[in-house]
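The structure appears below as structure tokens.
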Amino acid sequence: MRKMLKGLSILQIIIGILGVVVGIATLVMGDLMGSLVKLPAEQEALTAMKVSAVLGLISAIFNFSCGWCGLKGEKGNKNSLSMAVKLGWIGLIAAVVSGALTLFGDADIERISTVAASSIVPILFLVSAKNVSKDL
């Protein structure tokens with residue numbers, strides 16, 4: 001389970017770093033586009049894009065923190081492992097809530113598949129972190 005936790009932690013860190021890069025790039029592009037938008041609908045879309053980028057940054061920081069704690073916990077740091085389990089629960093709950101909101105209104109096979117796929121990493125991370133914490 002330690003190797004699985006290590007691999008998932010590295011994956012979470014990579015996802016976190018990529019999310020920060022994309023979030024910052026989106027905010028910068030939004031600022032550059034700010035002077036070009038004239039219509040109210042365009043301004044609303046730009047605001048929605050910026051809010052989405054901020055939420056993406058928060059998610060990326062969460063993923064990075066989760067991966068960092070998992071990586072340190074895998075090496076035997078009990079406090080980091082305890083935090084990884086807590087963050088794993090939060091990540092799983094967030095994935096379930098996000099999935100429920102995604103399926104609200106139109107639950108076709110594509111959306112169901114997307115929700116199922118997005119829940120796999122949080123489930124595996126939590127299971128591996130809990131199993132490693134039992135071994136310590």
Side-chain angles (χ1 to χ4, degrees):
M1 279 294 163
R2 284 183 185 262
K3 287 187 181 198
M4 186 163 106
L5 179 59
K6 183 177 182 177
L8 290 169
S9 295
I10 291 170
L11 178 64
Q12 293 267 27
I13 289 171
I14 292 170
I15 290 170
I17 291 170
L18 291 174
V20 167
V21 170
V22 169
I24 290 172
T26 303
L27 287 173
V28 168
M29 287 185 343
D31 284 341
L32 293 174
M33 292 172 50
S35 63
L36 300 175
V37 274
K38 307 273 188 251
L39 300 174
E42 292 173 335
Q43 292 173 348
E44 288 176 9
L46 185 61
T47 301
M49 183 179 83
K50 288 180 180 181
V51 168
S52 178
V54 170
L55 291 174
L57 280 171
I58 293 169
S59 175
I61 292 168
F62 175 81
N63 283 332
F64 184 85
S65 301
C66 198
W68 185 261
C69 289
L71 202 58
K72 291 186 129 315
E74 177 268 332
K75 293 179 182 175
N77 187 327
K78 290 183 182 182
N79 291 335
S80 292
L81 191 57
S82 173
M83 182 58 76
V85 170
K86 291 173 187 169
L87 291 173
W89 276 112
I90 293 169
L92 180 59
I93 291 168
V96 169
V97 169
S98 174
L101 293 174
T102 299
L103 294 177
F104 186 72
D106 187 22
D108 60 0
I109 191 67
E110 183 179 336
R111 285 188 178 193
I112 293 170
S113 299
T114 301
V115 169
S118 66
S119 299
I120 291 172
V121 171
I123 290 170
L124 291 175
F125 183 85
L126 181 61
V127 167
S128 62
K130 285 183 69 98
N131 281 334
V132 170
S133 69
K134 288 179 186 176
D135 293 342
L136 293 181

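Computation of the quantities below employed the complete heavy-atom set of this structure, encompassing side-chain atoms and omitting hydrogens, waters and symmetry-equivalent molecules. Position 1 is the first residue of the sequence, and the numbers go up from there.
Note: the hydrophobic cluster containing Leu81 does not contain Ile13 (ILVMFWY, side chain heavy atoms under 4.5 Å, direct or indirect links). Ile90 and Ile93 sit in two unconnected hydrophobic clusters of ILVMFWY residues. Membership requires side-chain heavy atoms under 4.5 Å apart, directly or through other members. Cluster membership for Ile15 and Val20, using ILVMFWY side-chain heavy atoms within less than 4.5 angstrom, is not shared. One hydrophobic cluster, built from ILVMFWY side chains closer than 4.5 Å, cannot hold both Val97 and Leu92; they sit in different ones.
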Contacts table for residues 54-76: side-chain donor-acceptor under 3.5 angstrom, sequence neighbours left out:
| unit_1 | atom_1 | unit_2 | atom_2 | d |
| --- | --- | --- | --- | --- |
| Asn63 | ND2 | Ser59 | O | 3.4 |
| Ser65 | OG | Ile61 | O | 2.9 |

Report all side-chain donor-acceptor pairs from residues 119-131 shorter than 3.5 Å, counting only partners two or more places apart or in another chain.
| unit_1 | atom_1 | unit_2 | atom_2 | d |
| --- | --- | --- | --- | --- |
| Ser119 | OG | Val115 | O | 3.0 |
| Ser128 | OG | Leu124 | O | 3.0 |
| Ser128 | OG | Phe125 | O | 3.0 |
| Asn131 | ND2 | Val127 | O | 3.4 |

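Taking 4.5 Å as the limit, some side-chain heavy atom of Leu8 sits within range of a side-chain heavy atom of Met4. When side chains are defined from C-beta on, Asp108 counts as touching Arg111, because their heavy atoms get closer than 4.5 Å.
Met33 belongs to a hydrophobic cluster with Val37, Leu46, Met49, counting contacts under 4.5 Å between side-chain heavy atoms of Ile, Leu, Val, Met, Phe, Trp and Tyr, direct or through other members.
Using a distance-only test at 3.5 Å, with no hydrogens or angles considered, no donor-acceptor pair links the side chain of Ser82 to the main chain of Lys78. Under a 3.5 Å cut-off, the side chain of Ser113 and the backbone N or O of Ile109 do form a donor-acceptor pair.
Here salt bridge (charged side-chain N to carboxylate O under 4.0 Å, His left out) pairs that include residues 33-48, with residues two or more places apart or in two chains, number zero. Within the structure, no pair that satisfies the side chain to side chain donor-acceptor pair (under 3.5 Å) test touches residues 16-25, not counting sequence neighbours. Note on residues 12-24: no pairs pass side chain to side chain donor-acceptor pair (under 3.5 Å), not counting sequence neighbours. Identified under the salt bridge (charged side-chain N to carboxylate O under 4.0 Å, His left out) test for residues 11-32, with sequence neighbours left out: Asp31-Lys50.
Atom CG of Leu5 and atom NZ of Lys3 lie 13.0 Å apart (nearest 0.5 Å).
Val22 meets the side chain to side chain contact (heavy atoms under 4.5 Å, CB included) test with Thr26; sequence neighbours excluded. Residues that satisfy the side chain to side chain contact (heavy atoms under 4.5 Å, CB included) test with Asn79, not counting sequence neighbours, are Asn77.
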